[in-house]
Engineer: 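Attaching a single structure in structure tokens format; questions to follow.
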Amino acid sequence: MARFIPSEPGEEEGLLRELGISSTEELFRDVPQKVRLGRLGVGAALEEREVVALLDRLLAKNRPFTKDPAFLGGRIPIRFLPAAVDAILQRSEFYTSYTPYQPEASQGMLQALFEFQSLWVELTGLDAANASLYDGATAAGEALLLCHRIRPGRRFLVPSSLPWEEKSVLANYATGPGVRVEEIPFDPATGRLDLEAVRAEVKRGDVCGLLADLPNGFGVVDEGLPELKGILGDLPLVVSADPLALTVLEPPGAWGADVVIGEGQGFGMPPSYGGPLLGLFACRSEHLRMTPGRIVGATRDAEGRRAFSLTLQTREQHIRRSRATSNICTNESLLALAFVAYASVVGPRGLAELAQRLNERARTLASALAEVPGLRAPAFDAPYLWEFAVAVADGNAEAFLERVRRGRVLGGSPLSDPRPGAPAGLGGLFLTAATEYTDERAIRKYARLARGAVRASPGGAA
Amino acid sequence: MTFRQARWDEPLLWELRPPPEETGAVPALPGIPERMRRRRAARWPELTELEVVRHYTRLSQMNFGIDTSPYPLGSCTMKYNPKVSEQLARRPGAAQLHPAQPESTVQGALEILWRLERALGRITGFPEVSLQPAAGAHGEYAAMLMIRAYFRDRGELERRTEVLLPDTAHGTNPASATMAGFTTREIPSKDGCVDLAALRAAVSDRTAAFMLTNPNTAGLFEPEIVEIAATVHDAGGLLYYDGANLNAILGITHPGRMGFDVAHLNLHKTFATPHGGGGPGAGVLAAGERLAPYLPVPRLVKEGRTFRWEYDRPRSIGKIKAAYGSFGLDLRALVFILLHGEEGLKHVARRSVLNSNYVGKRLGELLPRPFRPLVKHEFLLSGAPLKARGLRTLDLAKRLLDEGVHAPTIYFPSLVEESLMIELPESESRRELDGFVAAFSRALGDSDANLRSAPHALAVGRVDEVAAARHLLLSWKDLRARGEVPAGPAPPSDGSGKA
């Protein structure tokens, strides 16, 4: 611990002498006795060696997803990370710096963030991106607030297939302005958004915007989405997109999206049990001044050199306070650097190949699971990329996945809302994903365990 | 001055090796409808790994971090980030865990979160802790949503629509309250602290909460905190603790003992998780009995020796972020607590307060210090005397950068003219503090011309932020479309070849 707080003999005494006091206790004489504490009870300090031993003992109780075949995804993909990406992130000039308030001292991070913005603009087909938000779900929340600023309706439409976590986050972000998050049903055969239902809701009025996801919560690439703008007219359209999907799919900006958000952790960061994550956010120029978050711009220095700085700060909380477009201050800058570093190391060809490979493996996986009696894989008759929903005949996806897990395969994640009293609508579905670690052997093992798991279910398929 | 930062004039990625002007359609994926296929591949360069590594290494050399220089940003608590945390967070048992993994395969991760929650419960004096928020402001916002839900359950939400806060509050406070649907009202300060009489006059049956950071942004401990708490509670309101400045009071007092109802903490400040150039942060919510039922789900529970997620919290506000927290950062925060222990955490408070009082006294000989001299984690100076020289605090801040130290927080809080807010946490030694004082003194004593034109020793000269806002160039696409700003100095205008 001495290493973390300077404790050279006499140093503190010297500082106290300069202040004309004899003990640090005197520095706290303005803290009323009534609120002073005795012991906290957090235990004594450990040596670094002991901390490492303790943490390693705890971490050994985890089973990393690389040990067993894991078919987990959702917004948080399992990807192989080239060592160069982490080597860049470990430059401590980057990771121990603060928000670049003094641009002259922070050109490195500012340029990296500018490159990150440039890449997200390129992928989304929109005009401008910010320098990151917390995660994909809160980016959806901020997009809702932006929609409400553009069109002050009191209803925000989302697909009922949206992951329950995101619906819950959205419901919270909707609280302040008094917006209701309303669900649009999906087509039971294809899993696609019911466009007629969208049309009807828009006609009913009081809508401030709609969010659609690509792929959606079932992994479905919904080819109806490009028709949404025609239905919404001048109501804002938000698309939540997988960045890898945008390397192969037509950018939503090209078919009318006003805002494109997403979860960016899959570009350059390990899942780390869910955090930190990276919120992606891009929009059209005309809405820029109403958007949340830090934005980096290019400009010049006094000598006419190219330079970068934060810009449009008059939208932000540290200047605008209660009238700010958002309360966000700290964002996910280091993950934005990871995002652009990953995309650069892997390169555009590498990412296109990755998308191809994952798609191939997902199709192999789907064929294998489709042969398992009692499973419908994919659950929907629709195009998908590397993830798809699977329906379990007995309606209990959790139990199926647990039985598969006992054979050491992580087969996917249930789509139902685990909160008591939540609608059981998606109870029989789970999402499964192909990853770079998914090989033929893993798929065979999964299919074998799946057969056993279905047989073992009460009244399951024979 | 002897410091010189690298000046690479490093091009953008897109300029290192320009991608083709026209890209074709991406290869078709089986099953993906033609209308969804990208007609033009996204454009960014194919580079070798060395080119990418060299690019970002050069950029890193044009960036200050705690590892290169003291970083005295007030209210940001820029302390050393122990390296062992970086190593441990990258272990496969930590990094290679997916949030959808079954509980039985992540018991160690859950125990790490549990241990951190318990430690933070003791540090804050609150029975329940949630690690879900992504950052401090996110924690504030979640707390405001919890307060809303609390008053809704009591049937008082129609009436209690107002959140009070001091005029020295961090900007995130009023922004968070507004986002949660409250109106805000500022309470004027008196001598840098809450004016109790003004607070008493302002509270009413419309008051939902009073948001306070203690010690406050002037670096002062609010001496009337007990009376403040009573005033807010007597009016039926709740007291919210902004934990940005917790570093100064670790183990000395805590929000629970001071009478707060709910708090947020910043793990990236007090508990030394790296700031990452602006993030990731990690927020924490800690709540007393009245608000604990409203904490976001899931809640982590321990049954026997097993940990599991609990969703059965009918009064919970639900989720505020996709995953539970930021496990990679939570692990680092636990490591910090373990490395310090009870005595070490108290030493953190004592030493950070000692540092700030010492530097405050020394710099107080150079510039005016408002309010009383006894401060906590940070102190304020006024750069107003610079105006007589035709200079501003901004000029001093820029000139400080030339000394190889970062500038303080400037122009906040606004109740001090031309303010500088300085925090040098416990990890800075006397040698560094004296070095900072000497740098500050040199900067202040330099010529008016040098201050006005500073910085000179950095990768770029003074950056034109006004032009950045006036002519928005926010991506490579903008640079190409709306007037290229080349890397490197502008072409010479006099033909001398010297920019």
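Every chain is numbered from 1, with letters handed out A, B, ... down the list of sequences. From a predicted model like this one, the values you see are computed outputs, not experimental measurements.
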Engineer: Is the shortest side-chain heavy-atom distance between A:Ile5 and B:Ser427 below 4.5 Å?
Structural biologist: no
Engineer: For B:Leu97, does its backbone N or O pair with a side-chain atom of A:Arg63 as donor and acceptor, under 3.5 Å?
Structural biologist: no
Engineer: Indicate yes or no: at least one non-hydrogen side-chain atom of A:Arg300 is less than 4.5 angstrom from one of B:His471.
Structural biologist: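 A:Arg300 does not reach B:His471 side chain to side chain.
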Engineer: State whether A:Arg419 and B:Asp312 are salt-bridged, where the test is any N-O pair (Lys NZ or Arg NE/NH1/NH2 against Asp/Glu carboxylate O) under 4.0 Å.
Structural biologist: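 Salt bridge flag = no for B:Asp312 with A:Arg419.
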Engineer: Using ring centroids (six-membered ring only for Trp), state whether B:Phe412 and A:His318 fall under 6.0 Å.
Structural biologist: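 No; B:Phe412 has its ring centre 6.0 Å or more from that of A:His318.
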Engineer: What part of A:Val31 gets closer than 4.5 Å to chain B, counting heavy atoms only: side chain, backbone, both or neither?
Structural biologist: both
Engineer: Whether the side chain of B:Trp44 engages the backbone of A:Leu119 through a donor-acceptor N/O pair (distance < 3.5 Å, no angle test) should be reported.
Structural biologist: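 A pair under 3.5 Å: no.
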Engineer: Given the options A:Thr96, A:Thr247, A:Leu145, A:Thr99, which has more heavy-atom pairs under 4.5 Å with chain B than any of the others?
Structural biologist: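 Most heavy-atom pairs within the cutoff with chain B belong to A:Thr96.
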Engineer: Is A:Glu223 salt-bridged to B:Arg37, going by a charged N under 4.0 Å from an acidic O?
Structural biologist: no
Engineer: Inspect the contact between A:Asp56 and B:Arg91 and indicate whether a charged nitrogen and a carboxylate oxygen are less than 4.0 angstrom apart.
Structural biologist: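 A:Asp56 and B:Arg91: salt-bridged.
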Engineer: Classify the angle between the aromatic ring planes of A:Tyr273 and B:Phe327 as parallel (below 30°), tilted (30 to 60°) or perpendicular (above 60°).
Structural biologist: perpendicular
Engineer: Hey, is the main chain of A:Pro6 close enough, under 3.5 Å, to the side chain of B:Arg351 for a donor-acceptor pair?
Structural biologist: yes
Engineer: Is A:Asn359 close to chain B through its backbone or its side chain, or both, or neither, when contacts mean heavy atoms under 4.5 Å?
Structural biologist: side chain
Engineer: Run the ring pair (Phe, Tyr, Trp, His ring centres under 6.0 Å) test on B:Tyr141 and A:Tyr173 for me, step by step, so that the C-alpha distance in whole Å, both residues' side-chain angles and the decisive distance to 0.1 Å come before the verdict.
Structural biologist: CA-CA 9 Å; B:Tyr141 176 49; A:Tyr173 275 77; 5.0 Å; yes
Engineer: Answer yes or no: is there a donor N or O on one side and an acceptor on the other, between the side chain of A:Asn62 and the main chain of B:Gly93, under 3.5 Å?
Structural biologist: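 Yes, because the side chain of A:Asn62 sits within donor-acceptor range (under 3.5 Å) of the backbone of B:Gly93.
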Engineer: Using non-hydrogen atoms and a 4.5 Å limit, figure out which bit of A:Arg321 sits close to chain B: side chain, backbone, both or neither.
Structural biologist: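 The answer is both parts of A:Arg321.
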